Number of protein chains: 2
Amino acid sequence: MGLTKSEIFTDVQNEIASLAKAFAHPARVAILHQLFKSNSCICGDLVDEIGLAQATISQHLKELKNLGLIKGNIEGTSVCYCINEERWEEMKEIFSSFFNQNIKTNCC
Amino acid sequence: MGLTKSEIFTDVQNEIASLAKAFAHPARVAILHQLFKSNSCICGDLVDEIGLAQATISQHLKELKNLGLIKGNIEGTSVCYCINEERWEEMKEIFSSFFNQNIKTNCC
DNA sequence: TTTATTTATCGTAATATTGCAATATACAAA
DNA sequence: TTTGTATATTGCAATATTACGATAAATAAA
């Protein structure tokens, strides 16, 4: 086994899980932190700032890009990565609905 | 390899990643959904409502409990699980700071 | 006490994720 | 064209996660 049974869950549940995976590794959290605060969002700078190999950072960037949370812009030989603001807002909405549910019963 | 290098990241980055893992599997999202909306939060009910084996649900509940997001209350032979509201609010604050950062530069 | 019920844990198999060296690709500069 | 620079991809090894049957533990009911 070890295979997530996506088909038994709702679309919303699966989407929350997919998006949460983006934040479920500190390297990706660090990348996102960097993209928010830094003036330079060049891939190579991220490799320098975060202490992981270039191949590893590239892989994490790919995952974030696949989820639509960041965009990449080719500038000559380097690539500039930025937060995809529209998708970021969409993501925030999804988590907001999940986080702000009302508790019906709480017996503990 | 395959070992996350936690020591090169900040405490905040590691905590966000740990908490995000709670939501990074649809079964745990489904469990939390159920605890919010349901009148009954008995472990056995969760097993019935979500289509996974009892051992699997128990394991997911344990992870949520380890993160402090839920509490378990023994009632005879069964166990009632509920959202830990204080911790839930704390978690929301942590994600809120992360989600609502200001973008300094956005060149894409 | 015996039996049934409920949940937790153990052991195991399978898939997923992480990390990186090596290499490929793409473009710029000489 | 050749060389250098930056990023992506491939292949592989190692750890982590997921799932569940079997079983243990704890309590309730008979």
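Every chain is numbered from 1, with letters handed out A, B, ... down the list of sequences. Since we're looking at a predicted model, the values are computed, not measured.
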Measure from the side chain of [X], starting at C-beta and using heavy atoms only, and say which of [options] lies closest.
X: B/Thr56; options: C/dT6, D/dC20, C/dA28; result: D/dC20
X: A/Ala55; options: D/dA6, C/dA22, C/dT17; result: C/dA22
X: B/Leu52; options: D/dA19, C/dT17, D/dG4; result: D/dA19
X: A/Thr77; options: D/dT18, C/dA26, C/dT17; result: C/dA26

| query | Looking just at side-chain N and O atoms, do A/Asn100 and B/Lys92 make a donor-acceptor pair shorter than 3.5 Å? | reply |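 Yes, a side-chain donor-acceptor pair sits under 3.5 Å.
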
To the nearest Å, give me how far apart [atom1] ([X]) and [atom2] ([N]) are.
X: B/Gln54; N: C/dA4; atom1: CD; atom2: P; value: 18 Å
X: B/Ile31; N: D/dT18; atom1: CD1; atom2: C1'; value: 12 Å
X: A/Leu46; N: D/dA6; atom1: CG; atom2: C1'; value: 13 Å
X: A/Ile57; N: C/dA21; atom1: CD1; atom2: C1'; value: 16 Å
X: A/Asn66; N: D/dT9; atom1: CG; atom2: P; value: 9 Å
X: B/Phe9; N: C/dT18; atom1: CZ; atom2: C1'; value: 11 Å
X: B/Lys21; N: C/dT17; atom1: NZ; atom2: P; value: 12 Å
X: A/Ile42; N: D/dT5; atom1: CD1; atom2: P; value: 17 Å

| request: Check every strand shown and say whether B/Ala53 touches a base, only sugar-phosphate, or nothing at a heavy-atom separation below 4.0 Å. | output: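 It contacts sugar-phosphate atoms only.
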
| query | Contact class for A/Glu63 (heavy atom, under 4.0 Å): base, sugar-phosphate, or nothing? | reply | sugar-phosphate

| request: Look at the rings of B/His60 and B/His25 and say which category their plane angle falls in: under 30° parallel, 30 to 60° tilted, over 60° perpendicular. | output: tilted

| query | Parallel, tilted or perpendicular for B/Phe95 and A/Phe99, by the 30°/60° rule? | reply |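 The rings of B/Phe95 and A/Phe99 sit tilted, inter-plane angle from 30° to 60°.
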
Is [X] near enough to [N] that one of its side-chain N or O atoms lies under 4.0 angstrom from OP1 or OP2?
X: B/His25; N: C/dA16; value: no
X: A/Ser58; N: D/dA8; value: yes
X: A/Lys62; N: D/dT9; value: yes
X: A/His60; N: C/dT17; value: no
X: A/Tyr81; N: D/dA6; value: no

| said: By nearest heavy atom, map B/Leu61 and A/Gly51 onto DNA chain C; which one lands nearer the 5' end? | reply: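 With B/Leu61 and A/Gly51 compared, the 5'-side residue is B/Leu61.
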
| message | If you assign each of A/Gln59 and B/Cys43 to its closest nucleotide in DNA chain C, which residue comes earlier from the 5' end? | response | B/Cys43

| task | Answer yes or no: are there more than 12 heavy-atom neighbours, outside B/Ile74 itself, under 6.0 Å from its atom CD1? | result | no

| query | Which distance, rounded to the nearest 0.5 Å, do you find between the CD1 of A/Ile16 and the NE2 of B/His33? | reply |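 That separation rounds to 4.5 Å.
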
| task | For the pair B/Phe23 and A/Phe98, evaluate ring pair (Phe, Tyr, Trp, His ring centres under 6.0 Å) and give the outcome as yes or no after the intermediate values. | result | CA-CA 10 Å; B/Phe23 312 126; A/Phe98 179 55; 5.5 Å; yes

